[in-house]
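Here is the naming used below: chain letters follow the sequence lines, and residue numbers restart at 1 for every chain.
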Amino acid sequence: MPELPEVETVRRGLAPFMEGRTIRKLTLNRPDLRFPLPKDFSARIEGRKVVRMSRRAKYLVIMLEGELSVIAHLGMSGSFRIETMAEAVGDFHHPRSKDAAHDHVIFQMADEQGGEARIIYNDPRRFGFMDLAETGALDLYPSFSALGPEPTGNSLSADYLAERFRSKKSPIKSVLLDQRVIAGLGNIYVCEALHRSGIGPERLANSLVTPTGRAARGLEDLTGAIRQVIAEAIEAGGSTLRDHIQTDGSLGYFQHRFRVYDREGEACVTPGCGGTVSRIVQSGRSTFHCPACQK
DNA sequence: AAGTGAACCTGAAGGC
DNA sequence: TGCCTTCAGGTTCACT
């Protein structure tokens, strides 16, 4: 499920239950997710205190004492939930799978007063993974080393995108999904950002760059739309798809603000547009857009 | 070199 | 009801 806003929401939800607390016990209910879990995973992290919860693109980073970090990716269907001794207190992004059969990894946390909480990783499809890396060398971690800038940071600019788009003659939709260009966007937020900036998903990326390599008209709008949609989604607690009611009533309501994603056949919400949202397939994935106002 | 498609895996939803 | 097909928020690897 998770694109950047969802992972950031998970990070914020877990932080109060992990930061400053000690991993008392790590339970592995199977030896692998998408990849084998780290060798001696439990032995290497049990007894260590969590220094800080961080995030890079769609990866969660749990920084531990002793310069060791757990890197976690939620794949398509991964989620964390928190249980205290008393009751479940939160369900962080997780639309499906209440099914304990897919509880694969359990962190048992202890605070200084002896309070306990269980942080449970559930992932039916097992496209997620966990790994260990030295905290000081995270930038060299294979999945991190080639990542582009975060859409929330200062390094994302129209000029930067112009430089990256210049040589790309593939559809803008595919280029925005490339984590080496921008890190953290996924299918939903790419569709939404393109709609907000009035750019058709099939337009070639290099058409947004002038012959001299400058940002063409529209690229500035796209840059702003990316920043805006990501910021709004984080503020809304991400998006929760195909879910019933949020039991805790608090997390993930950005799906109500989708303008095109999963709205095939519905009227375009752009003022005065009058178009109809359409679904096409690009590189094997659904793209939702309005052919009337996205050019 | 770059771009597309298949593969990884399970479950939900829709068609007949 | 049951069976079959399609689809799902991601990433990587193997092909043109």
J.: Taking CZ from A:R126 and P from B:dA7, how many angstroms apart are they, rounded to a whole number?
T.: 18 Å

J.: Heavy atoms only: give me the nearest A:G128-A:Y121 pair and the separation to one decimal.
T.: CA-OH, 3.7 Å

J.: Mark yes or no for whether A:E192, through its side chain, and A:V229, through its backbone, hold a donor-acceptor pair below 3.5 Å.
T.: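 No; zero donor-acceptor contacts below 3.5 Å.
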
J.: Could you check if a side-chain atom of A:F41 sits within less than 4.5 angstrom of a side-chain atom of A:L132, using non-hydrogen atoms only?
T.: yes

J.: For B:dG5, does either OP1 or OP2 sit under 4.0 Å from a side-chain N or O belonging to A:R285?
T.: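 So the side chain of A:R285 is outside the cut-off, no N or O lying under 4.0 Å from OP1 or OP2 of B:dG5.
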
J.: Taking atom P in both B:dG3 and C:dG9, what distance in whole Å separates the two?
T.: 22 Å

J.: Just by distance, with hydrogens left out, do A:Y160 and A:T223 show a side-chain donor and acceptor under 3.5 Å apart?
T.: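 The criterion, which ignores hydrogens and geometry beyond distance, is not satisfied for A:T223 and A:Y160.
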
J.: Does A:Q179 place a side-chain N or O at less than 4.0 Å from the phosphate oxygens OP1/OP2 of C:dT11?
T.: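 A:Q179 to C:dT11 OP1/OP2: side-chain N or O found under 4.0 Å.
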
J.: For C:dG9, which nucleotide is its Watson-Crick or G-U wobble mate, given both distances must be under 3.5 Å?
T.: none

J.: In whole Å, what is the span from the CG atom of A:L33 to the P atom of C:dT12?
T.: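 Those two atoms, CG and P, are 15 Å apart.
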
J.: Round to a whole Å and report the spacing from CG of A:D262 to P of C:dA8.
T.: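 So the CG-P distance, A:D262 to C:dA8, works out to 8 Å.
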
J.: To the nearest angstrom, how far is A:D123 atom CG from C:dT11 atom P?
T.: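 Spelled out: CG on A:D123 to P on C:dT11 is 13 Å.
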
J.: Is there a donor in the side chain of A:R214 and an acceptor in the side chain of A:T210, or the other way round, less than 3.5 Å apart?
T.: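 Short answer, no.
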
J.: Within less than 4.0 Å of OP1 or OP2 of B:dG11, is there a side-chain N or O belonging to A:H102?
T.: yes

J.: Tell me the interatomic distance from A:L185, atom CG, to C:dG10, atom C1', rounded to whole angstroms.
T.: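 After rounding, the gap between these two atoms is 13 Å.
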
J.: If you check the A:I188 side chain, which of C:dG9, B:dT10, C:dT12 turns out closest?
T.: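 The nucleotide sitting nearest to the side chain is C:dG9.
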
J.: Using the six-membered base ring of B:dC9, report whether A:F127 stacks on it, requiring centroids under 5.5 Å and planes under 30° apart.
T.: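 Given the distance and angle limits, no, they do not stack.
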
J.: Pick the P atom in C:dA14 and in B:dC9, then give their distance to the nearest Å.
T.: 16 Å

J.: Whole-Å distance between B:dT10 P and A:D103 CG?
T.: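 Value for this atom pair: 16 Å.
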
J.: Pick the P atom in B:dA1 and in C:dT11, then give their distance to the nearest Å.
T.: 24 Å

J.: Do the charged groups of A:D103 and A:R81 touch, with an N to O distance under 4.0 Å?
T.: yes

J.: Measure from CG on A:L147 to C1' on C:dT12 and round the result to the nearest Å.
T.: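 About 14 Å, once rounded to whole Å.
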
J.: Counting heavy atoms from C-beta on, name the nucleotide in C:dG10, C:dG9, B:dT10 closest to the side chain of A:R34.
T.: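 The closest nucleotide is C:dG10.
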
J.: For nucleotides 2-4 of chain B, give me every protein contact, N/O to N/O, under 3.5 Å, one pair per line with atom names.
T.:
unit_1: B:dG3; atom_1: OP1; unit_2: A:K169; atom_2: N; d: 3.4

J.: How far, in whole Å, is B:dA6 from C:dT6 if one measures between their P atoms?
T.: 13 Å

J.: Using side chain to side chain donor-acceptor pair (under 3.5 Å) as the criterion, list what pairs up with A:R44, not counting sequence neighbours.
T.: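 By the side chain to side chain donor-acceptor pair (under 3.5 Å) rule, A:R44 matches no residue at all.
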
J.: Please find the pair of heavy atoms, one from A:G75 and one from A:P2, that lie closest to each other, and give the distance.
T.: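 Shortest heavy-atom contact: O-CD, 2.7 Å.
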
J.: A:L176 has an atom CG; how far is it from atom P of C:dT11, in whole Å?
T.: 14 Å

J.: Is the phosphate of C:dT11, meaning OP1 or OP2, less than 4.0 Å from a side-chain N or O of A:H73?
T.: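 Affirmative; the distance criterion is met.
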
